[in-house]
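None of these values were measured; they are calculated from a predicted model. Residue numbers count from 1 along this sequence.
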Amino acid sequence: MHSPEQPLPTFDEVLLCTPQTSAEQVGLFLRRCLIPCQGGDKIYTMLYADELSYDVSCRAEELFQRLQCYNSSYRLIILCNCERENSYLPSAFSHCKVHMIPQRTRAEIQQYLQHHFRVAQPSSSAAAVFKEHTCVGIVSSKRAGMGK
């Protein structure tokens, strides 16, 4: 996010973890991150790694230990909920833990995202519904099931 022209992460650089994420999905992600190939300047990110099941977390750590010898310059970020930092994967990588404080203001982050998610030529697309013709929007409510 150093400049507005920097691209957003691609689909292969991000793994959004849930309790249903399989060991195979995590394994494929770690292989993309740790086995060197062309385009090696990507930054890989596991979001909510604390949500992974115990079995999947154990297998992920084992695979990481085996594969990290292939690439000494990998770039991997594992983001977790600070309230669940005692779950398996955050504990296994606790020696690498860095508490992160955002370096940009909320307004700067929003402006960067709006730049990348804006539809170039507003037409009869769904982007006309969202603020400033962006192709992504978040609809939320404090009351569950209110027709979102």
Side-chain angles (χ1 to χ4, degrees), residues 1-119 126-127 129-132 134-148:
M1 213 181 101
H2 294 292
S3 79
E5 303 310 314
Q6 275 187 306
L8 292 169
T10 58
F11 72 94
D12 65 328
E13 293 176 88
V14 179
L15 179 63
L16 180 60
C17 301
T18 67
Q20 290 76 36
T21 303
S22 69
E24 180 181 4
Q25 290 171 307
V26 176
L28 289 171
F29 178 78
L30 288 174
R31 283 179 178 83
R32 279 196 301 265
C33 173
L34 296 169
I35 295 176
C37 62
Q38 288 183 330
D41 54 346
K42 294 183 175 186
I43 300 173
Y44 293 89
T45 307
M46 289 179 70
L47 297 169
Y48 304 116
D50 54 290
E51 296 277 331
L52 294 172
S53 70
Y54 181 80
D55 181 50
V56 171
S57 296
C58 289
R59 291 173 65 184
E61 183 197 13
E62 289 171 10
L63 182 61
F64 178 84
Q65 298 299 338
R66 280 194 319 240
L67 293 178
Q68 82 177 82
C69 65
Y70 292 106
N71 186 357
S72 61
S73 62
Y74 65 88
R75 296 158 82 179
L76 175 63
I77 298 169
I78 301 174
L79 295 175
C80 303
N81 182 340
C82 64
E83 294 174 5
R84 293 180 40 97
E85 65 184 348
N86 293 327
S87 59
Y88 187 85
L89 214 53
S91 295
F93 290 96
S94 64
H95 63 283
C96 303
K97 182 172 29 174
V98 174
H99 288 282
M100 199 203 109
I101 298 171
Q103 300 297 307
R104 302 279 189 220
T105 66
R106 181 180 183 154
E108 288 174 315
I109 294 169
Q110 287 174 334
Q111 185 178 11
Y112 172 79
L113 292 173
Q114 282 178 349
H115 172 76
H116 284 285
F117 288 126
R118 187 170 291 128
V119 174
V129 174
F130 294 111
K131 181 181 175 182
E132 298 185 24
T134 56
C135 61
V136 174
I138 297 174
V139 178
S140 65
S141 171
K142 293 183 182 191
R143 296 175 58 194
M146 297 306 295
K148 294 183 283 301

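Atom CD of Gln111 has 12 or fewer heavy atoms from other residues, nucleotides or ligands within 6.0 Å.
Taking CG from Leu34 and OG from Ser73, the interatomic distance works out to 10.0 Å, rounded to the nearest 0.5 Å. Note: Phe29 CZ to Leu76 CG = 6.0 Å, rounded to the nearest 0.5 Å.
The shortest heavy-atom contact between Leu30 and Ala60 is CD1-O, 3.5 Å. Contact detail for Ala49 and Ile78: the closest heavy-atom pair is CB-CG2, 3.4 Å. Of all the heavy atoms in Glu83 and Asn81, the pair that sits closest is N-OD1, 2.8 Å.
Qualifying ring pair (Phe, Tyr, Trp, His ring centres under 6.0 Å) partners for Phe64, counting only residues two or more places apart in sequence or in other chains: Tyr74, Phe93. Residues forming a side-chain contact (heavy atoms from CB on, under 4.5 Å) with Cys17 (at least two apart in sequence, or on another chain): Leu15, Thr21, Met46, Leu52. The side-chain contact (heavy atoms from CB on, under 4.5 Å) check on Ser91 picks up nothing, with sequence neighbours excluded.
Every pair passing side chain to side chain donor-acceptor pair (under 3.5 Å) that includes a residue from residues 51-70 is listed here, sequence neighbours excluded: Glu61-Tyr88. Pairs engaging residues 20-35 under the salt bridge (Lys or Arg N to Asp or Glu O under 4.0 Å) rule: none recorded [sequence neighbours left out]. Pairs of residues two or more places apart, or lying in two chains, that qualify as salt bridge (Lys or Arg N to Asp or Glu O under 4.0 Å) and include a residue from residues 6-20 are Asp12-Lys42.
Under a 3.5 Å cut-off, the side chain of Asp50 and the backbone N or O of Ser87 do not form any donor-acceptor pair.
Evaluated for a side-chain contact (heavy atoms from CB on, under 4.5 Å) with Ile77, the options Leu47, Ile43, Val14 yield exactly one hit, Ile43.
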